[in-house]
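The model shown is predicted, which means the values in this text are computed figures rather than measured ones.
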Amino acid sequence: MISIVVPTLGRPSLGTLLDALAPQLAELPDVEILLVDDRRDAAGELAVPGVLSAYAKVVTGRGAGPAAARNVGWRVARRPWVVFLDDDVVPAPDWARRLLADLAVGDRVGGVQGVVAVPLPGDRRPTDWERSTAGLAEGEWITADMAYRRAALAAVDGFDERFPRAYREDAELAHRVRRAGWELVRGRRVVTHPVRPEDRWVSLRVQRGNADDALLRRLYGPDWRAELGLPPGRRPRHVATAAAAALAVTAAALRAVLPRDGAPRRMLGAVAAAGALGWAAGTAEFAAVRIAPGPRTRDEVSTMLLTSALIPPVAVAHWVRGWWRHRPSGADGDPAGAQS
């Protein structure tokens with residue numbers, strides 16, 4: 001009845017997930033577990049606990065990201081329901097029993113989302129990264145724990161593999177599944193998604209997702225956020241802040257090569273000052289929004305100040321990169337690259 005697909009890079013959290021699943025599998029009739037080994041430089045075979053040997057099979061992925069790995073998994077799956085789990089979640093002790101209840105749905109229901117709980121510290125305010133991870137609890141159709149009918153996945157040819165990271169690929173799939181006539185509903189089973197440790201630069205790395213947003217803009221037009229049910233972002237503000245910084249730098253550079261006296265040099269000085277003021281105001285507003293709800297420790301505040309200055313240009317650069325990479329190609333005008 002159920003295939004559980006877990007794409008993995010072999011992180012230690014996979015063992016925690018499997019340990020939580022093992023005592024529950026007897027409750028799931030005709031279940032199989034497909035571990036998609038998506039390591040690019042795999043050193044040895046992915047280890048599977050002996051207690052799971054009767055249920056689990058390791059499938060080799062292509063190292064092309066979670067969307068591609070999930071496609072590998074569901075296409076190998078032999079059961080009518082495919083449950084996607086991330087390798088860093090921990091199913092609750094009653095997860096299997098609640099899963100069966102969640103999947104007792106009508107024929108037109110193509111997918112059932114589980115509840116994702118993100119534990120936050122109880123003795124202090126959460127950091128910016130912890131709050132970002134906690135946003136998963138409010139996400140719709142996220143594949144941290146999402147069950148799909150195999151027929152629904154086949155109807156839309158699965159995940160779009162042009163999304164190379166765990167960002168937007170699940171929302172985009174859900175949109176196509178609903179557009180194909182299937183319903184998506186929320187279930188009651190629960191997984192916990194711990195906040196993984198990260199360094200102070202993680203907020204810069206996640207800006208790579210702006211390239212995926214550019215692909216969604218290419219695919220669904222200017223109203224792509226509303227069409228996919230995604231919240232508004234800060235891109236317009238990031239563009240304004242980055243543009244102000246670029247204006248300041250450009251005007252200052254041009255001013256430096258002009259004669260000391262003269263109206264053009266004075267004008268460029270005023271332009272550089274205005275640009276610098278705009279950049280400072282945008283950066284200050286962004287930093288304040290991120291600092292206010294946090295623990296406000298010295299390390300957190302310094303991290304927010306540094307990254308708030310860098311995020312706008314980095315975000316815009318990734319957006320432009322994605323916009324160019326996925327520019328229309330061919331007579332049909334579709335973005336470059338195949339879906340899967």
Salt bridge flag under 4.0 Å for residues R176 and D160: no
Lys/Arg cation over aromatic F163: R165, 6.0 Å, 45° cone: no
Hey, what do you get for CG (L85) to OG1 (T8), rounding to the nearest 0.5 Å? 11.5 Å
Less than 4.5 Å apart, side chain to side chain, heavy atoms only: is that true for E183 and V105? no
Side-chain donor-acceptor pair present, E300, T127, cut-off under 3.5 Å: no
Distance, nearest 0.5 Å, that separates CZ of R321 from NE2 of H326: 8.0 Å
Are R70 and T143 close enough that a side-chain donor and a side-chain acceptor fall under 3.5 Å? yes
Enclosure of D199 CG (heavy-atom neighbours >12, cutoff 6.0 Å): yes
Less than 3.5 Å apart, any donor N or O on the side chain of D88 or S13 sitting next to an acceptor on the other? no
Would you compute the distance between atom CH2 of W95 and atom CD of E27 and round it to the nearest 0.5 angstrom? 11.0 Å
Report, as yes or no, whether the 6.0 Å neighbourhood of atom CZ on R179 holds more than 12 heavy atoms from other residues, nucleotides or ligands. yes
Interatomic spacing from CG in L100 to CG in D94 - rounded to 0.5 Å: 11.5 Å
With a cut-off of under 6.0 Å to the ring centre and 45° to the axis, is R327 in cation-pi contact with W324? yes
Flag this pair as yes if the NZ/CZ of R150 is under 6.0 angstrom from the six-membered ring centre of W81 and inside a 45 degree cone about the axis; otherwise no. no
Is it true that the side chains of E161 and N71 contain a donor and an acceptor less than 3.5 Å apart? yes
Kindly determine whether D212 and R168 satisfy salt bridge (Lys or Arg N to Asp or Glu O under 4.0 Å), including the steps that lead there. CA-CA 7 Å; D212 302 327; R168 306 295 198 207; over 6 Å; no
Please list, chain by chain and in numerical order, all residues satisfying ring pair (Phe, Tyr, Trp, His ring centres under 6.0 Å) with F84, sequence neighbours excluded. F159
Step by step, work out the side chain to side chain contact (heavy atoms under 4.5 Å, CB included) result for R189 and R97. CA-CA 8 Å; R189 66 190 185 279; R97 177 173 56 81; over 6 Å; no
Going by an N to O cut-off under 4.0 Å, is there a salt bridge joining E130 and R125? no
Please round to the nearest 0.5 Å and tell me the distance separating atom CZ of R290 and atom CE of M304. 4.0 Å
Working to the nearest 0.5 Å, report the span between CG of L136 and CG of D145. 12.0 Å
Hydrophobic side-chain clustering at under 4.5 Å (ILVMFWY, transitive links): who's grouped with W319? Put none if nobody. V239, V316, V320, W323
Can you establish whether the number of heavy atoms outside R178 located under 6.0 Å from its atom CZ is more than 12? yes
Report the C-alpha separation of L9 and D37 in whole Å, then their side-chain angles, then the decisive distance to 0.1 Å, and conclude whether the side chain to side chain contact (heavy atoms under 4.5 Å, CB included) test is met. CA-CA 6 Å; L9 295 175; D37 185 353; over 6 Å; no
Do the side-chain N and O atoms of T133 and R196 include a donor-acceptor pair separated by under 3.5 angstrom? no
Say whether R235 and H238, considering side chains only, have a donor N or O and an acceptor N or O under 3.5 Å apart. no
Looking just at side-chain N and O atoms, do R200 and S302 make a donor-acceptor pair shorter than 3.5 Å? yes
Give the C-alpha distance, both sets of side-chain angles, the deciding distance and a yes or no for side chain to side chain contact (heavy atoms under 4.5 Å, CB included) between I311 and Q207. CA-CA 7 Å; I311 283 175; Q207 300 308 314; 3.7 Å; yes
Apply side chain to side chain contact (heavy atoms under 4.5 Å, CB included) to the pair V177 and Y148, showing each step before the final yes or no. CA-CA 9 Å; V177 168; Y148 277 105; 4.0 Å; yes
